[in-house]
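Everything on this sheet refers to the single structure shown next.
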Number of protein chains: 2
Amino acid sequence: MTPEPYTADRQSPVRRPASIKDVAAAAGVSPTTVSHVLSGNRPVSEETAARVRGVVNRLGYVPASLARSLQAGSTSVIGLLIPDISNTFFAELAKGAEDAAHDLGYGLILCNTEFDADREDRYLGMIRSRFIDGMVYASGSPPSRRRLEALMGKFPIALADEEVEGLEGALIATADHEAGGRLVGEHLRALGHRRALMLTGPRALMSGTARANGFVRAFQGEVVERVGDFKEASGYRLVAKLLEKGGLDCTAVFAANDLMAFGALTALREAGLSVPEDISVVGFDDIRAASLAHPPLTTVHQPAYDVGRTATAQLLQYVSRGEVPPASRHTLPVELKVRGSTAPADR
Amino acid sequence: MTPEPYTADRQSPVRRPASIKDVAAAAGVSPTTVSHVLSGNRPVSEETAARVRGVVNRLGYVPASLARSLQAGSTSVIGLLIPDISNTFFAELAKGAEDAAHDLGYGLILCNTEFDADREDRYLGMIRSRFIDGMVYASGSPPSRRRLEALMGKFPIALADEEVEGLEGALIATADHEAGGRLVGEHLRALGHRRALMLTGPRALMSGTARANGFVRAFQGEVVERVGDFKEASGYRLVAKLLEKGGLDCTAVFAANDLMAFGALTALREAGLSVPEDISVVGFDDIRAASLAHPPLTTVHQPAYDVGRTATAQLLQYVSRGEVPPASRHTLPVELKVRGSTAPADR
DNA sequence: TTGTAGGCGTTATCAC
DNA sequence: GTGATAACGCCTACAA
């Protein structure tokens with residue numbers, strides 16, 4: 001780099017953008033004044049201000065946010081960590097988070113991990129290196145727990161829709177998973193089901209445990225459990241494997257989320273079983289495709305948008321004051337959506 | 001703020017994070033040495049290095065990315081602008097972009113605009129203020145064109161899956177929209193349809209124009225056109241309104257994307273029409289819900305992941321050299337997925 | 001093998 | 001109403 005700023009003007013090499021000094025020099029004032037014209041932080045004579053604004057426009061000057069943030073000690077940007085961007089449940093959650101952030105003048109960065117620990121690490125690095133001021137954590141890859149633990153307390157983090165086992169003292173906003181499980185249990189029991197297959201998510205997640213507890217308690221029947229990973233493929237695989245080994249021996253399936261329920265649906269269909277005549281299927285989340293599917297999926301509606309919005313608003317309340325958030329919990333109500341995938345167990 | 005860094009140790013106020021100076025002082029070396037121990041940019045005696053690393057761990061030192069970026073002149077982060085995060089088409093595109101970015105050591109920020117011009121502006125501001133090194137633009141809100149035009153050429157921007165009318169000299173990666181339209185036209189014609197309703201996206205988008213051109217040319221029948229906005233609700237509204245006014249007078253509907261096709265499906269069902277018996281429906285994109293829906297939707301499969309990946313890889317090729325990308329175009333193949341929502345037009 | 005000094009672009013403090 | 005100066009935290013010539 002030569003010390004002459006405005007020399008290189010060929011094609012490709014990006015010209016060095018104008019800095020506040022360039023503007024000041026061109027306007028015949030000090031950088032201080034330029035800064036104040038732009039921020040309005042102190043009075044500037046109208047004449048000077050007009051001249052400065054002219055130069056700003058002519059040079060296309062835009063303050064470097066990096067320098068500004070470095071000096072301010074914060075970036076006014078937070079992150080939202082989610083495991084699977086193509087699950088529309090998280091998309092809705094993200095919308096809530098985005099709206100809450102924008103309301104308070106913060107930017108929101110969406111961080112998608114694909115359930116990948118390395119990727120999660122990379123994104124968490126953004127908060128450790130203070131590229132972002134805080135993080136809403138809506139992911140749930142189990143191996144991340146220890147890392148999370150080390151981070152919380154040092155950096156502003158809020159948990160959305162998910163709790164991590166053993167992690168306490170956190171700021172948490174979740175749906176009422178236990179109630180959701182209970183609603184499903186009661187529904188299936190009322191339909192006469194007495195033996196159900198439960199497809200869960202990874203063990204370390206409290207949301208899953210809470211759902212399972214609520215379900216088992218209310219169902220009061222036999223429950224076969226299989227552990228999956230929230231992906232459609234795992235719902236398919238678990239059911240297909242049981243089918244191979246001589247049948248499900250159940251009249252109902254309760255999947256940890258709608259995606260896994262879709263996988264189960266496909267496996268059942270391929271095995272020649274009809275839903276809900278031969279077997280009932282229930283999901284969790286109530287994503288858009290649930291009502292579109294055939295048959296329309298009975299599922300538990302989670303207020304995804306509100307969960308995202310609440311977690312983010314809570315977090316920002318502390319971030320904006322430069323404080324680490326205290327423990328606090330917000331539990332949002334859920335609702336059972338009875339659709340076409342469940343029916344009485346009399347055959 | 002008192003000048004003593006390590007005093008405040010109460011509860012909430014976040015303690016000032018350790019800086020390179022703190023580490024240097026604690027290890028009895030200069031900041032330069034700490035920097036080099038961490039970067040490996042010049043040899044450091046093993047003894048010193050070990051001591052420094054010890055202090056780094058003890059203090060939990062993480063270099064401030066802002067300061068690093070300010071000095072380096074780039075952040076190694078790029079953005080991806082999309083209009084609708086809950087459309088899984090964009091989710092897939094984002095995955096491709098994310099993979100390409102990570103492969104080259106770049107971070108990717110997902111920017112969701114909800115088709116909102118203000119929000120798009122905010123996010124484009126990140127590139128003007130150099131918070132990010134470049135942007136993959138996969139949005140398509142028409143009013144943004146003038147802004148985009150001003151930005152391209154000054155900042156590294158690539159267009160993914162979308163071209164904006166009149167915007168030339170850009171780096172572009174899209175699916176073959178025209179071929180997609182043609183495939184649909186041929187398919188419907190072969191089924192005996194002669195009069196079709198075409199639900200388009202906003203006019204300013206070239207992708208829609210290309211699809212329409214391909215369709216009209218291959219269909220060789222009468223085409224009624226209605227302009228929508230890519231949202232499910234608009235597909236519903238347009239069809240419902242025509243139905244109210246005395247029927248569609250068409251045997252087939254070609255929607256600009258799957259979401260609008262779903263909306264059309266709902267409106268038709270509510271009017272007591274069956275698909276495909278009474279009327280055929282075709283979408284575009286082939287999102288996950290398309291094959292799940294009832295009936296499964298005939299649609300054009302776009303290689304969303306590859307579009308995102310290609311656009312991003314192309315962009316980064318120039319960003320990493322500090323160059324503004326030249327004009328170039330990559331057109332990716334599409335594929336017609338014939339499913340249950342289309343049938344012969346003989347009734 | 002290590003240290004000193006300057007600069008990245010801003011804003012806050014202090015002085016006039 | 002306006003300016004000089006320092007500081008945010010880092011990297012990297014240049015020097016020893």
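In what follows, chains are A, B, ... by sequence order, proteins preceding strands, each numbered from 1. Note: hydrogens, waters and symmetry copies are ignored here, and every other heavy atom, side chains too, is used.
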What is the separation between atom CZ on A:R130 and atom P on D:dC8, rounded to the nearest whole Å? 13 Å
Roughly, in whole Å, what's the span from CD in B:Q71 to C1' in D:dC11? 4 Å
How close or far is atom P of D:dC10 from atom CG of B:N41, stated in whole angstroms? 15 Å
Over all heavy atoms of both residues, which pair between B:I85 and A:A91 is shortest? Give the atoms and the distance, please. O-CB, 3.7 Å
Chain A vs DNA chain C, heavy-atom contacts under 4.0 Å, first-to-last nucleotide span, 5' to 3', is C:dC8 to C:dC14
For A:A27, is there any backbone N or O sitting under 3.5 Å from a side-chain donor or acceptor partner on A:R51? yes
Where do N or O atoms of nucleotides 1-5 of chain D meet protein N or O atoms at under 3.5 Å, pair by pair?
{"from": "D:dT2", "atom 1": "OP1", "to": "A:S45", "atom 2": "OG", "distance (Å)": "3.2"}
{"from": "D:dT2", "atom 1": "OP1", "to": "A:T48", "atom 2": "OG1", "distance (Å)": "2.6"}
{"from": "D:dT2", "atom 1": "OP2", "to": "A:S45", "atom 2": "N", "distance (Å)": "2.8"}
{"from": "D:dT2", "atom 1": "O4", "to": "A:R42", "atom 2": "NH1", "distance (Å)": "3.1"}
{"from": "D:dG3", "atom 1": "OP2", "to": "A:S30", "atom 2": "N", "distance (Å)": "3.0"}
{"from": "D:dG3", "atom 1": "OP2", "to": "A:S30", "atom 2": "OG", "distance (Å)": "3.2"}
{"from": "D:dG3", "atom 1": "OP2", "to": "A:T33", "atom 2": "OG1", "distance (Å)": "2.7"}
{"from": "D:dG3", "atom 1": "N7", "to": "A:R42", "atom 2": "NH2", "distance (Å)": "2.9"}
{"from": "D:dG3", "atom 1": "O6", "to": "A:R42", "atom 2": "NH1", "distance (Å)": "2.7"}
{"from": "D:dA4", "atom 1": "N6", "to": "A:T32", "atom 2": "OG1", "distance (Å)": "2.8"}

When rounded to whole Å, the CD1 to P distance for the pair A:I20 and D:dC8 reads 19 Å
Could you tell me whether the side chains of A:Y305 and A:D99 share a donor-acceptor contact shorter than 3.5 Å? yes
Against the six-membered ring of B:Y318, is B:R321 placed for a cation-pi contact (under 6.0 Å from the centre, within 45° of the normal)? yes
For residues 67-76 of chain A, which residue pairs pass the side chain to side chain donor-acceptor pair (under 3.5 Å) check, not counting sequence neighbours? A:T75-A:D133
If you compare all heavy atoms of A:E162 against all heavy atoms of A:I172, which two are closest, and at what distance to 0.1 Å? O-CG2, 4.4 Å
Is there a donor-acceptor pair closer than 3.5 Å between any side-chain N or O of B:R119 and the backbone N or O of B:P83? no
Could you check how far CG of B:L66 sits from C1' of D:dC10, rounded to whole Å? 11 Å
